[in-house]
**Q** 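My questions will all concern the structure given below.
The sequence lines fix the lettering, A, B, ..., with proteins before strands; numbering per chain opens at 1.
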Amino acid sequence: MKRKWEARLKQIEERASHYEREPLSLVYRPRLSKPEEPPSIWKLFHRQTQAFNFVKSCKEDVHVFALEYKVGDGQHIYLVTTYTQLWFYYKSRNLLHCYEVIPENAVCKLYFDLEFNRLANPGADGKKMVALLIEHVCRALQQFYRVSCSAEDVLNLDSSTNEKFSRHLIFQLHDVAFKDNIHVGNFVRKMLEPAFHLIASEDDDMTPETMGHEFSHFSETPVKQGISFSKKSTDKDMGESWTTNSKKLERLGSAKQSSPDLSFLIVKNNVGEKHLFVDLGVYTRNRNFRLYKSSKIGKYVPLEVAEDNKFYPVQSENISKENQYFLSALVSNVRFSDTLRILTCDMSQNKRVKNFNHTSTSVETIEGFQCSPYPEIDQFVLLLVNKNGIKGGIRRWNYFFPEELLVYDICKYRWCENIGRAHKSNNIMILVDLKNEVWYQKCHDPICKAENFKSDCFPLPAEVRLLFLLKEEEEFTTDETRDSETKNPHEPSSSASSKGTFSDADWDNGIDDAYILEATEDAELAEAAENSLLGYNGIDEIPDELIIEVLQE
DNA sequence: CAGCGCTACCACACCCC
DNA sequence: GGTGTGGTAGCG
């Protein structure tokens with residue numbers, strides 16, 4: 001929401017200064033458009049937001065490209081045109097320093113930027129490393145999403161110099177794409193996680209085994225590039241859900257022993273620090289990604305099809321081979337089809353583990369949107385907030401480890417026991433106490449909050465209690481024997497098991513209302529952005545059946 | 001007239017021992 | 001010395 005607000009503010013300021021410089025003409029001069037003109041779209045903008053606004057106003061399939069135009073400070077101007085028209089001018093070498101702007105929230109391909117300094121890595125065999133990486137990526141795609149592919153589906157572009165080995169890989173998956181490049185980044189970081197362990201363990205002069213265990217406790221990521229991740233599940237069919245938590249990471253740690261050796265990915269930069277061969281800085285919003293046959297300004301090293309490229313586009317009569325490569329290299333050029341599957345890999349939603357220091361008391365929570373790791377309890381809560389024709393929903397949930405308390409923020413349903421009617425503008429919460437097997441209601445209304453209102457406790461239905469007990473027992477009986485095999489997907493980020501891990505901390509036993517406020521107060525801010533959040537979740541734009549979630553082995 | 005989106009890093013405040 | 005925060009230079 002903050003981002004959007006800032007962007008809007010900037011836009012308004014720009015518009016204001018524009019009108020100051022060029023006031024509107026006092027005379028109205030009507031103009032007729034000429035329908036006989038071919039639909040030619042070629043518009044340049046100084047500002048990215050203006051370019052995107054123009055794209056939105058166009059009914060043609062236009063895209064934003066960035067052109068480098070000043071040597072040194074890498075300044076860009078933004079071009080809006082169609083792929084066809086761009087290729088028409090581009091192929092005759094009129095534009096040399098062109099970048100695709102991968103729009104935020106746009107479905108896109110899996111892509112990689114790979115590089116290492118040759119001098120700092122005299123023994124490194126770039127081609128071999130690329131081949132091994134592709135193998136690993138294909139394995140990960142198969143494991144996480146059941147997507148099959150091979151090196152023949154990877155457009156491999158080279159931009160190397162004597163000093164630097166440099167490649168772009170663009171995966172040409174069949175009827176499969178990622179929801180956006182942020183999700184691609186999450187997937188890439190997740191897939192490369194064993195390599196982070198390697199860097200961290202070597203840096204700290206620790207064995208991978210001890211590191212694996214150490215990592216089970218991290219909540220702030222100790223590794224430079226960041227390794228935290230998690231997933232959210234909304235897909236009923238898969239019904240699988242896991243979150244980053246101690247137990248999970250411990251299992252990852254042990255699973256790592258059987259995971260492939262990623263040490264080939266570790267390279268040194270020009271000052272001898274260890275880094276990954278894979279550049280993780282290319283998965284940001286509106287990332288500029290260099291086009292096929294473009295070079296950075298000031299350099300004359302365009303991206304060309306690599307010697308060891310194994311992707312050959314299907315030949316067609318009306319599209320040249322070069323044009324095919326050009327189109328294949330465009331990350332956000334995803335061909336739509338009825339069977340297109342959209343892959344997601346979330347990390348921001350379930351993950352946040354809060355440390356709350358309060359006179360030597362710390363509390364761990366996990367949080368997420370829409371469905372908690374307890375689908376049965378979600379269903380029960382939904383039942384509670386669907387009454388008298390009002391269709392309430394779960395906007396978000398929080399789980400407090402020590403108290404085993406699930407806090408649901410409810411939307412649309414606002415009935416409050418305290419006032420005996422629905423609130424007009426404030427939302428309510430349903431709290432499910434798993435320890436005492438009861439539920440009660442609180443709310444966000446300032447008056448109710450001031451008097452610390454909490455409804456009577458009601459027992460949880462027998463089915464829910466029973467399910468929870470069964471799960472807990474299963475968890476205890478199988479924990480020791482289980483290594484990397486699949487954990488009960490409905491197990492939340494480990495009520496029972498995490499207590500052992502975190503038991504060093506001494507916390508209050510009773511749930512303090514301050515914690516609930518801490519966990520829910522920003523929900524009120526988030527409320528205004530609720531629609532955009534839903535949009536971001538893809539519910540508005542992408543039909544549910546097209547979304548498949550991360551499948552964890 | 002005019003880029004964008006970060007993250008690594010630093011300075012500083014605050015707390016605890 | 002550990003931890004959180006806020007601002008920014010500079011990288012991709």
**Q** In whole angstroms, how far is the C1' atom of B:dA2 from the CD1 atom of A:Ile77?
**A** 11 Å
**Q** Which nucleotide, B:dG3, B:dG5, C:dG12, lies nearest any side-chain atom of A:Asp113?
**A** C:dG12
**Q** Report yes if a side-chain nitrogen or oxygen of A:Asn286 is closer than 4.0 Å to either non-bridging phosphate oxygen (OP1 or OP2) of B:dG5; otherwise report no.
**A** yes
**Q** Would you say A:Gln50 places a side-chain N or O within less than 4.0 Å of OP1 or OP2 belonging to B:dG3?
**A** no
**Q** Checking A:Asp409 against A:His444: is there a side-chain donor and acceptor pair closer than 3.5 Å?
**A** yes
**Q** Take the protein atom NZ of A:Lys296 and the nucleotide atom P of C:dC11, then report the distance between them rounded to whole Å.
**A** 12 Å
**Q** To the nearest angstrom, how far is A:Tyr69 atom OH from B:dA2 atom C1'?
**A** 6 Å
**Q** Could you tell me whether the phosphate oxygens of B:dG3, OP1 or OP2, come under 4.0 Å of any side-chain nitrogen or oxygen in A:Gln75?
**A** yes
**Q** When you get a sec, tell me which of B:dC4, C:dG12, B:dC6 is the closest nucleotide to the side chain of A:Val282?
**A** C:dG12
**Q** Please report, rounded to the nearest Å, how far the C1' atom of B:dG3 is from the CZ atom of A:Phe65.
**A** 17 Å
**Q** Using whole Å, what does the distance between atom P of nucleotide C:dC11 and atom CD of A:Glu115 come to?
**A** 13 Å
**Q** Taking side chain as C-beta onward, heavy atoms only, is A:Arg287 less than 4.5 Å from A:Asn181?
**A** yes
**Q** C:dG12, B:dA2, B:dG5: which one has an atom nearest the side-chain heavy atoms of A:Asp279?
**A** C:dG12
**Q** Using the six-membered ring wherever Trp is involved, compare the ring planes of A:His46 and A:Tyr69 and label them parallel, tilted or perpendicular (cut-offs 30° and 60°).
**A** perpendicular
**Q** Using the P atom as the reference point in each nucleotide, state the distance between B:dA2 and C:dG12 in Å, no decimals.
**A** 25 Å
**Q** How many whole angstroms separate atom NZ of A:Lys164 from atom C1' of C:dC11?
**A** 11 Å
**Q** In whole Å, I'd like the distance from the CZ atom of A:Phe52 to the C1' atom of B:dG3.
**A** 13 Å
**Q** Nearest to the side chain of A:Arg285, which nucleotide is it out of B:dC4, C:dG12, B:dC6?
**A** B:dC6
**Q** Think A:Arg287 has a side-chain N or O under 4.0 angstrom from the OP1 or OP2 of B:dC6?
**A** no
**Q** Are A:Tyr111 and A:Phe171 an aromatic pair, judged by ring center distance below 6.0 Å?
**A** no
**Q** Would A:His76 count as stacked on B:dG3 if the rule is ring centres under 5.5 Å and plane angle under 30°?
**A** no
**Q** Check the distance between B:dG5's P and A:Ile102's CD1 and give it to me in whole angstrom.
**A** 13 Å
**Q** Angle class for the A:Phe187/A:Phe144 ring planes (parallel below 30°, perpendicular above 60°, tilted otherwise)?
**A** perpendicular
